[in-house]
Amino acid sequence: AQKITQTQPGMFVQEKEAVTLDCTYDTSDQSYGLFWYKQPSSGEMIFLIYQGSYDEQNATEGRYSLNFQKARKSANLVISASQLGDSAMYFCAMRGGRIQGAQKLVFGQGTRLTINP
Amino acid sequence: GAVVSQHPSRVICKSGTSVKIECRSLDFQATTMFWYRQFPKQSLMLMATSNEGSKATYEQGVEKDKFLINHASLTLSTLTVTSAHPEDSSFYICSARGAQGVFGNTIYFGEGSWLTVV
């Protein structure tokens with residue numbers, strides 16, 4: 001079974017500082033994918049970044065980067081130069097398995113990030 | 001812009017009635033879509049897998065007769081909450097995976113639907 005663990009229920013960061021949101025995962029699959037989503041209070045799930053298990057380089061998307069440490073089974077999200085608009089709930093998720101199972105997502109508990117001015 | 005659209009964004013219905021939520025993939029065909037439910041301050045929980053042209057696959061503990069899923073076309077899946085009760089009040093959100101070569105491995109979500117049963 002797949003499992004995602006986010007151990008930080010809440011994070012408070014000063015504006016313009018960098019922040020790291022932790023995510024560890026557990027799976028027996030060799031091929032899997034890791035996602036980070038941002039969920040503002042409106043509820044929509046905004047895709048941020050994706051890392052495939054066979055990707056050798058860490059994924060980056062603008063201010064977002066994913067610190068992928070396969071041996072440690074961790075996929076931390078790093079947000080550089082945080083902004084007030086970054087305040088939201090952040091979810092780490094994993095897909096894996098075969099065929100249809102490869103499209104299912106298992107989510108972590110989420111981390112509520114608050115950016116202080 | 002959004003690649004998966006969900007409607008309505010908010011709906012209030014009376015207890016005992018049924019309500020339908022639509023999930024559409026825009027600009028791509030989605031043979032499989034997924035429906036999740038999210039309670040306040042909790043994570044998303046997968047309810048069912050919607051398969052175009054065949055029956056949906058429900059996760060353990062989800063009542064298939066209560067949460068009817070229809071995937072009539074390659075771009076539309078609907079979730080119907082039948083005989084709604086106040087405890088069905090929740091946030092429902094769908095997802096679809098983009099086609100290979102177009103949207104790659106990314107899984108996109110709709111905007112979500114807030115259901116309130118009174």
Side-chain angles (χ1 to χ4, degrees), chain A residues 1-10 21 23 25 29 31-55 59 61 64 66 75 88-112 114, chain B residues 1-10 21 23 25 30-52 54-60 71 77 90-100 103-116:
Chain A
Q2 297 175 322
K3 186 177 181 180
I4 293 282
T5 302
Q6 293 178 254
T7 58
Q8 307 155 311
L21 305 182
C23 173
Y25 60 92
D29 293 331
S31 176
Y32 52 89
L34 297 155
F35 298 78
W36 276 94
Y37 289 90
K38 172 184 178 181
Q39 187 180 43
S41 57
S42 60
E44 60 184 312
M45 294 288 283
I46 302 170
F47 166 75
L48 296 178
I49 198 165
Y50 169 82
Q51 179 85 41
S53 58
Y54 293 118
D55 294 341
E61 290 286 348
Y64 304 106
L66 199 151
M89 196 75 171
Y90 288 79
F91 288 99
C92 180
M94 164 186 279
R95 68 158 179 84
R98 297 177 179 272
I99 312 175
Q100 289 188 359
Q103 298 182 54
K104 291 184 181 180
L105 287 179
V106 175
F107 284 87
Q109 305 92 316
T111 296
R112 180 163 296 282
T114 302
Chain B
V3 295
V4 177
S5 178
Q6 196 169 333
H7 177 81
S9 58
R10 292 183 179 274
I21 302 170
C23 179
S25 58
T31 56
T32 306
M33 294 183 177
F34 298 87
W35 287 96
Y36 294 82
R37 181 175 183 176
Q38 185 180 27
F39 290 105
K41 298 184 180 180
Q42 293 189 24
S43 189
L44 280 72
M45 293 186 61
L46 180 66
M47 297 175 65
T49 302
S50 175
N51 307 299
E52 188 270 333
S54 64
K55 293 182 179 180
T57 305
Y58 290 83
E59 296 299 302
Q60 192 174 9
H71 198 146
S77 174
S90 187
F91 183 66
Y92 295 88
I93 191 166
C94 67
S95 74
R97 179 176 176 175
Q100 288 292 337
F103 296 101
N105 291 301
T106 303
I107 296 175
Y108 293 95
F109 282 82
E111 300 93 334
S113 300
W114 295 93
L115 170 63
T116 302

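To find a chain, count down the sequence lines: A is the first, B the second, and so on, and within it residues start at 1. These numbers were taken from a predicted model, which means no experiment stands behind them.
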Exercise for the section: Name the orientation class of the two ring planes belonging to A/Tyr37 and A/Phe107 (parallel below 30°, tilted from 30 to 60°, perpendicular beyond 60°). Expected result: tilted

Would B/Ser77 and B/Ser50 count as having a side-chain donor-acceptor pair, cut-off 3.5 Å?
yes

Pairwise side-chain contact, B/Phe91 with B/Tyr36, heavy-atom cut-off 4.5 Å (strictly under): no

Honestly, the part of A/Phe47 sitting under 4.5 Å from a heavy atom of chain B is side chain

The interface call for B/Gln6 against chain A, heavy-atom contacts under 4.5 Å, is neither

Applying a strict 4.5 Å limit to non-hydrogen atoms, the region of B/Leu46 in contact with chain A is side chain

The interface call for A/Gln6 against chain B, heavy-atom contacts under 4.5 Å, is neither

4.5 Å side-chain heavy-atom contact, B/Ile107 and A/Arg95: yes

